[in-house]
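This report concerns only the one structure given below.
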Amino acid sequence: MFEVEVKFRVSNVDDVISKLRGFATYVGSDVEEDHYFNHPCRDFAATDEAVRVRLYGSGKVTVTYKGPRLGGEGKVRVEYNIDVDSASNTIGALKELGFKEIAVIRKERTEYTYGSYTIYVDKVNGLGNFIEIETLTNDQGIVSELVKSIVSFAERALGVKKDSVEPKTYLELMLSKISEGK
């Protein structure tokens, strides 16, 4: 399964939420805390991979592996998610295995759905406000078409301009911010 995602930087999330309320289905809101790790034997920054432990405000904990981006517009990659029962045990086990925690990212996330799209409105601590629109496919051949469709949908339905696409992940943005502060 491929996750096809396009992220947009936005200044006014309230305006976007107001538009979404007019046509999309509200799923819920939560606070998420993402702990990112680097592999002990290879540099995930160089291989464009990610391992994350996500703690939800609701108490749910998920471990995610994201494979390298497959190229083109948007972010397209293989993704595996595993629900676990303990954040502290999972983080502890990863550290014992030699994984190094490299960043923690906290955000308030509001989720909507519309058709085959999942739409996230994110207020990310220290980074700003974003919208992520994603869909899933088993067919890598239609990825470019799906990315164009997401961008068109964002412009048409949400008033978000194509030039506000943010190609970097939250982790990349946070690591850039950290390195600028040094």
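Predicted, not measured: the structure shown is a model, and the values here were computed from it. The residues of the chain are indexed from 1 along the displayed sequence.
- Annotation: side chain of L20 is not in contact with side chain of Y26 (no heavy-atom distance under 4.5 Å).
- In this structure, K162 contributes its side chain and E155 its backbone to no donor-acceptor pair below 3.5 Å.
- Ring orientation note: the planes of Y65 and Y80 are close to parallel, at an angle under 30° on the 30°/60° scale.
- Here the two rings, on F153 and Y114, have centers that are under 6.0 Å apart.
- Here the closest non-hydrogen pair linking N38 and F44 is OD1-N, 2.8 Å.
- Hydrophobic clustering, with ILVMFWY side chains joined whenever heavy atoms are under 4.5 angstrom apart, keeps Y56 apart from V121.
- Closest of all the heavy-atom pairs between R77 and A50 is NH1-CB, 4.4 Å.
- One distance of note links NZ of K66 with CD of E49; it measures 13.0 Å at 0.5 Å rounding.
- Rounded to the nearest 0.5 angstrom, K100 NZ and L94 CG are separated by 15.0 Å.
- Using modelled atom types, one finds a donor on one side chain and an acceptor on the other under 3.5 Å when comparing T64 with R52.
- Note: the hydrophobic cluster containing L70 also contains V147 (ILVMFWY, side chain heavy atoms under 4.5 Å, direct or indirect links).
- With hydrophobic clusters built from ILVMFWY side chains whose heavy atoms lie under 4.5 angstrom apart, Y120 does not share a cluster with Y112.
- Put simply, the side chain of D30 does not reach to within 4.5 Å of the side chain of K60, judged on heavy atoms.
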Checklist entry - Could you walk me through whether T47 and H39 pass the side chain to side chain contact (heavy atoms under 4.5 Å, CB included) check? => result CA-CA 10 Å; T47 62; H39 195 279; over 6 Å; no
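- One distance of note links CD1 of I142 with OG1 of T137; it measures 3.5 Å at 0.5 Å rounding.
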Next on the checklist: Could you go through V78 and F2, starting from their C-alpha distance and side-chain angles, then the distance that decides it, and tell me whether this counts as side chain to side chain contact (heavy atoms under 4.5 Å, CB included)?
Outcome noted: CA-CA 5 Å; V78 172; F2 298 98; 3.8 Å; yes
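- Side-chain contact between V53 and E101 is absent, with no heavy atoms from C-beta onward closer than 4.5 Å.
- The CD1 atom of I119 lies 13.0 Å from the NZ atom of K19; values are rounded to the nearest 0.5 Å.
- The cluster map of Ile, Leu, Val, Met, Phe, Trp and Tyr, joined by side-chain heavy atoms under 4.5 Å apart, puts L158 and I17 in the same cluster.
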Next on the checklist: Show, in sequence, the C-alpha distance, side-chain angles and deciding distance for D122 and K7, and conclude whether the salt bridge (Lys or Arg N to Asp or Glu O under 4.0 Å) test is met.
Outcome noted: CA-CA 10 Å; D122 293 339; K7 178 186 296 149; over 6 Å; no
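- Heavy-atom minimum distance, E172 versus T169: OE1-N, 2.8 Å.
- Across all non-hydrogen atoms, the minimal contact from P40 to G98 is CB-O, 3.3 Å.
- Side-chain contact between V84 and N89: absent, with no pair of heavy atoms (C-beta onward) separated by less than 4.5 Å.
- Interatomic distance, K161 NZ to F8 CZ, rounded to the nearest 0.5 Å: 12.0 Å.
- Atom CD in E3 sits 8.0 Å away from atom CG in N81 (nearest 0.5 Å).
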Item to check | Steps toward side chain to side chain contact (heavy atoms under 4.5 Å, CB included) verdict (V31, E33) | outcome: CA-CA 7 Å; V31 175; E33 181 177 282; over 6 Å; no
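- Heavy atoms from other residues, nucleotides or ligands lying under 6.0 Å from CD of E145 number 12 at most.
- Side-chain contact check for R9 versus L173: some heavy-atom pair is nearer than 4.5 Å.
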Residues 123-136 side chain polar contacts: donor-acceptor under 3.5 Å, at least two apart:
unit_1: E132; atom_1: OE1; unit_2: R109; atom_2: NH2; d: 3.1
unit_1: E132; atom_1: OE2; unit_2: Y170; atom_2: OH; d: 3.4
unit_1: T135; atom_1: OG1; unit_2: S116; atom_2: O; d: 3.0

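- Using a distance-only test at 3.5 Å, with no hydrogens or angles considered, a donor-acceptor pair links the side chain of T90 to the main chain of S86.
- Criterion: ILVMFWY side-chain heavy atoms under 4.5 Å apart, direct or through other members. Under it, I82 and F99 are part of a common hydrophobic cluster.
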